[in-house]
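What follows is a short report on a single structure.
Counting starts at 1 for both ligands and their atoms, following the listed order.
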Amino acid sequence: MTIDAWAAHAAHTPLEPFRYDPDDLGASDCEIEISHCGICHSDLHLLNDEWGATRYPLVPGHEIIGTVTAAGTEVQELVGKRVGVGWQRSACLACDDCGAGDDNLCARSEATCVGHHGGFARHIRTDARFAFEIPGVLESAPTAPLLCGGITVFSPLRRFGVGPRTRVGVIGIGGLGHLALRFASALGAEVTAFSGSPDKESEALGFGATRFVDTHDAASMRACTRSLDLLLTTVSAAQPWPDYMELLRPHGTLCFVGVPDKPIAVPAFSLIKGERAIAGSAIGSRARIREMLAFAAEHGIGAQVEVMPVSEVNAAIARLAANQARYRIVLEI
Ligand code: NAP
Ligand code: ZN
């Protein structure tokens, strides 16, 4: 079999049609005919080789939804099912971390489009143990971004016990950020959106924020001092982190899911006073992904998407790079 895909051959070059022969289907692998694939900012980091991990030709795409067209001997029951695949394509499932349910933290985990060809393609062959059945009530296009963006924000909201008495702030209202507003609000939290794009205010309130803060407005920022239990940052650029620390209540946490290009520097006293913490969060475990999909089905949560044909993939990537996506671009394959 040959797979038709779209690949970049070097940093900062457009994607082009690309064909490759996949590996043989292993006993626990499946082959998926892809219908939709979201474009995550991590795809952009990879395309520009900002993490030094990219291997070209790169077929990006790790917010995949499609139908299983073939499966190995151990996972035959998946044939014909609609499934989703996210950032992680495999883990050892034998180490202590996997045994503890932290398979997303496995030292031997592999990513869908690092050293493998991803979802900007007609098909993919991957480990079926990381392919998740999609609840029937969820439509494919708004659900595709849940496989990476959605789980990446849902997982820390659950880890930090977000619920009706929690005050949550979300920094950066893009693909991940708007889903964080929707999930945090559905969990019952009081939610503040921090955005450098004032034109996003009414939509952010529609996603479930009860307060919108223009991050360029120093007085509005100061008005949030000591008001938040959890601040989840999705931005991929350096921010005034010491100022954000002051917005946390005692025992509050600044949690990083976005990947800024510079190290995080804060004065030790911003941690000591108020016993605050800085944390990071990586996608989510398989159990958390299943929980997130069920929660999304129950609460009617999906991404607000712009659906574009895969033939326009380069225009779509340019929109994301210019912070013009509202709020997640999903390619129809
Ligand atoms: P996105 O759609 O581009 O959204 C990021 C948002 O951050 C933008 O909409 C913008 O929000 C703000 N922003 C962007 N550039 C900025 C700048 N230079 N200065 C200040 N604010 C800026 O990206 P995404 O797909 O949500 O991904 C966000 C980050 O999460 C990326 O770094 C990605 O690699 C990372 N990520 C991490 C994980 C994980 O497991 N930890 C998983 C997936 C993605 P406003 O317009 O509202 O300011
Ligand atoms: Zn992603």
Indicate if the distance from the Zn ion (ligand 2) to the nearest N, O or S atom of His41 falls below 2.8 Å.
no

Vertex the Zn ion (ligand 2): angle to NE2 of His62 and SG of Cys40, to 10°?
110°

For ligand 1, give me the residues whose heavy-atom distance to it is below 4.0 Å, by chain and number please.
Cys40, His41, Ser42, His45, Trp51, Cys148, Thr152, Gly172, Ile173, Gly174, Gly175, Leu176, Ser195, Gly196, Ser197, Lys200, Thr234, Val235, Ser236, Ala237, Gln239, Val257, Gly258, Val259, Ser281, Ala282, Ile283, Leu320, Asn323, Arg328

Should we say atom CG of Asp96 is surrounded by more than 12 heavy atoms from elsewhere, each under 6.0 Å from it?
no

Closer than 4.0 angstrom, basic N to acidic O: yes or no for Arg288 and Glu291?
yes

Can you see which heavy atom on Leu176 is nearest to which on Gly149, and at what distance?
CD1-CA, 3.4 Å

Option among Arg89, Arg286, Arg108 that satisfies the salt bridge (charged side-chain N to carboxylate O under 4.0 Å, His left out) test with Asp103
Arg286

Should Glu63 and Asp43 count as side-chain neighbours, where that means a heavy-atom distance under 4.5 Å?
no

Do the ring planes of Phe154 and Phe295 sit parallel (below 30°), tilted (30 to 60°) or perpendicular (above 60°)?
tilted

Start with the C-alpha distance between Arg82 and Ser35, add both sets of side-chain angles, then the distance that settles side chain to side chain donor-acceptor pair (under 3.5 Å), and finish with yes or no.
CA-CA 10 Å; Arg82 187 174 61 135; Ser35 66; over 6 Å; no

